[in-house]
Amino acid sequence: MLKTVVCVSGGGTNLQAVMDGIRQGAITNVEIVRVISNNRKAYAIERAKQAGIEAVCVSPKEYEDRARFNEAFLRAVDEAAPDLIVLAGFLVVIPPELIRRYENRIINIHPSLIPSFCGTGYYGLKVHEAALARGVKVTGATVHFVDEGTDTGPILMQKPVAVLEEDTPEILQKRVMEEAEWVILPKCLDLIANGRVTVKGGRVHISE
Ligand code: GRF
């Protein structure tokens, strides 16, 4: 069983897609043991509670400095003793110590086809605003392992989504979530939980 911690900041629709996948059997051998949010008001916390999953809030605002937040965040993760950490719309910089401690055991979902529209400052609607401003015809979502950079770790899976003439950032964001994020994140969890993913030399291999 892959004990999994999911870190959230907002609406939690990716968390919901994973919970639904587990309940429906599309994801096997995964147990979400804890949801951690940096935002007390995140609806993702409500989603976790409705599913009977423990949700804790560790907010940087409640610590006098970043070092103390990092310690508390690390503790909240370690207490759950996860095999995998999933960043599902988590908008806080991950402590480098956590990345070292959980090397190649942290994945993130990003709402673009990395390396486009990613890195510092590219999150939420900003990603889709940049894609529309650039005039790309295809965007999508990426699941990648987290390393010390921002959106720079080994790519596990990507799914393209067409950009349409009438798209606004909000319409595009919704379609990328529905057609890409909510599809590839559950798939990646199932692959990892069933031993089909290895990372070698900075590249991800998925076995048949
Ligand atoms: C998603 O678009 C995700 O790709 C991005 O933040 C958003 C989180 O949405 N990282 P939700 O909280 O999963 O609904």
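Heads up: numbering here begins at 1 and tracks the sequence. Atom set for the values below is all heavy atoms of this structure, side chains included, hydrogens, waters and symmetry mates excluded.
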Quick check: are there more than 12 heavy atoms from other residues, nucleotides or ligands sitting under 6.0 Å from [atom1] of [X]?
{"X": "K159", "atom1": "NZ", "value": "yes"}
{"X": "R134", "atom1": "CZ", "value": "no"}
{"X": "E103", "atom1": "CD", "value": "no"}

Within this structure, what is the [atom1]-[atom2] distance for the pair [X] and [Y], rounded to the nearest 0.5 Å?
{"X": "E46", "Y": "Y43", "atom1": "CD", "atom2": "OH", "value": "5.5 Å"}
{"X": "T139", "Y": "Q158", "atom1": "OG1", "atom2": "CD", "value": "10.0 Å"}
{"X": "E178", "Y": "Q173", "atom1": "CD", "atom2": "CD", "value": "10.5 Å"}
{"X": "L189", "Y": "I27", "atom1": "CG", "atom2": "CD1", "value": "5.5 Å"}
{"X": "M19", "Y": "N14", "atom1": "CE", "atom2": "CG", "value": "11.0 Å"}

Heavy-atom side-chain proximity of [X] to [Y] below 4.5 angstrom:
{"X": "R175", "Y": "D167", "value": "yes"}
{"X": "P154", "Y": "H144", "value": "no"}
{"X": "P111", "Y": "E181", "value": "yes"}
{"X": "I192", "Y": "I107", "value": "yes"}

Joint cluster assignment, [X] & [Y], ILVMFWY side-chain distance < 4.5 Å:
{"X": "L156", "Y": "V86", "value": "yes"}
{"X": "V143", "Y": "I22", "value": "yes"}
{"X": "V6", "Y": "M157", "value": "yes"}
{"X": "L2", "Y": "V35", "value": "yes"}
{"X": "I184", "Y": "W182", "value": "no"}

Go through the steps for V163 and K137 under the test side-chain contact (heavy atoms from CB on, under 4.5 Å), then give the verdict.
CA-CA 5 Å; V163 180; K137 301 305 176 191; 5.5 Å; no

Nearest non-hydrogen partners of [X] and [Y], listed with the distance:
{"X": "G10", "Y": "A42", "answer": "O-CB, 3.4 Å"}
{"X": "L132", "Y": "P169", "answer": "CD1-N, 3.4 Å"}
{"X": "A193", "Y": "T28", "answer": "CB-O, 3.4 Å"}
{"X": "L15", "Y": "A44", "answer": "CD2-O, 3.6 Å"}
{"X": "A162", "Y": "L172", "answer": "O-CD1, 4.3 Å"}
{"X": "V161", "Y": "A180", "answer": "CG2-CB, 3.8 Å"}

Less than 3.5 Å apart, any donor N or O on the side chain of [X] or [Y] sitting next to an acceptor on the other?
{"X": "N38", "Y": "S59", "value": "no"}
{"X": "T4", "Y": "D83", "value": "no"}
{"X": "S9", "Y": "N39", "value": "no"}

Carboxylate-amine/guanidinium proximity below 4.0 Å for [X] and [Y]:
{"X": "R75", "Y": "D78", "result": "no"}
{"X": "K174", "Y": "E170", "result": "no"}
{"X": "R100", "Y": "E97", "result": "yes"}
{"X": "K3", "Y": "E31", "result": "no"}
{"X": "D20", "Y": "R23", "result": "yes"}
{"X": "E79", "Y": "R34", "result": "yes"}

Donor-acceptor contact present, side-chain [X] to main-chain [Y], <3.5 Å:
{"X": "N194", "Y": "L191", "value": "no"}
{"X": "R47", "Y": "G11", "value": "yes"}
{"X": "H110", "Y": "F117", "value": "yes"}
{"X": "T142", "Y": "I114", "value": "yes"}
{"X": "S112", "Y": "C118", "value": "no"}

Does R40 have any side-chain hydrogen bond (donor to acceptor under 3.5 Å, both in side chains) partners at least two apart in sequence or in another chain, and if so, which?
E62

Run the side-chain donor-acceptor check on residues 196-208: report pairs under 3.5 Å with partners two or more places apart or on a different chain.
residue: R196; atom: NE; partner: S207; partner atom: O; Å: 2.7
residue: R196; atom: NH2; partner: S207; partner atom: O; Å: 3.0
residue: S207; atom: OG; partner: R196; partner atom: O; Å: 3.4

Test salt bridge (charged side-chain N to carboxylate O under 4.0 Å, His left out) on D65 and R68 and set out the steps.
CA-CA 6 Å; D65 57 34; R68 282 171 179 73; 2.5 Å; yes

By the rule that ILVMFWY residues connect when side-chain heavy atoms come within less than 4.5 angstrom, directly or transitively, which residues belong alongside F69?
V5, V33, I36, V56, V58, Y63, F73, L74, V77, I85, L87, F90, V92, I94, L98, I99, Y102, I106, V146

